[in-house]
Amino acid sequence: MEDVLLGHPSVAEVAVTGAPSDEWGEVVCAWVVTDGVSPPDVDALLAYAAHRLAPYKRPRPRAVRRLAARNPWGRVRRTELR
């Protein structure tokens with residue numbers, strides 16, 4: 001999923017984790033950093049992913065968020081992405 005979302009022109013960086021879900025137990029959650037030029041458009045990202053990913057691999061509408069948590073080396077702190 002990360003490679004697919006990175007193919008979107010307004011996405012600069014992506015991290016994918018699982019997020020708790022009452023219905024499914026856990027769902028795919030995509031954390032994105034935009035290119036800084038285009039505002040983040042969740043609907044456009046979901047539509048882009050829908051054409052390129054199987055339904056069970058697609059992020060849910062409320063699970064596309066802004067990426068912020070990083071360690072001192074600039075790596076994403078996936079344990080804090082919830």
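Treat the numbers as computed from the prediction; the structure is a model and nothing was measured.
Atom CG of L46 is separated from atom CG of L53 by 10.5 Å, given to the nearest 0.5 angstrom. Within the model, atoms CZ of R58 and CZ of R52 stand 11.5 Å from one another, a figure rounded to the nearest 0.5 Å. Note: E26 CD to T17 OG1 = 8.0 Å, rounded to the nearest 0.5 Å.
Partners of V11 according to the side chain to side chain contact (heavy atoms under 4.5 Å, CB included) rule, which considers only residues two or more places apart in sequence or in another chain, are L6, H8, V14, L45.
Y48 contributes a side-chain N or O that, together with a main-chain N or O of G7, makes up a donor-acceptor pair within less than 3.5 Å.
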For M1 and V28, run side chain to side chain contact (heavy atoms under 4.5 Å, CB included): C-alpha distance rounded to whole Å, both residues' side-chain angles, the deciding distance at 0.1 Å, then the answer. CA-CA 9 Å; M1 177 195 294; V28 176; 2.7 Å; yes

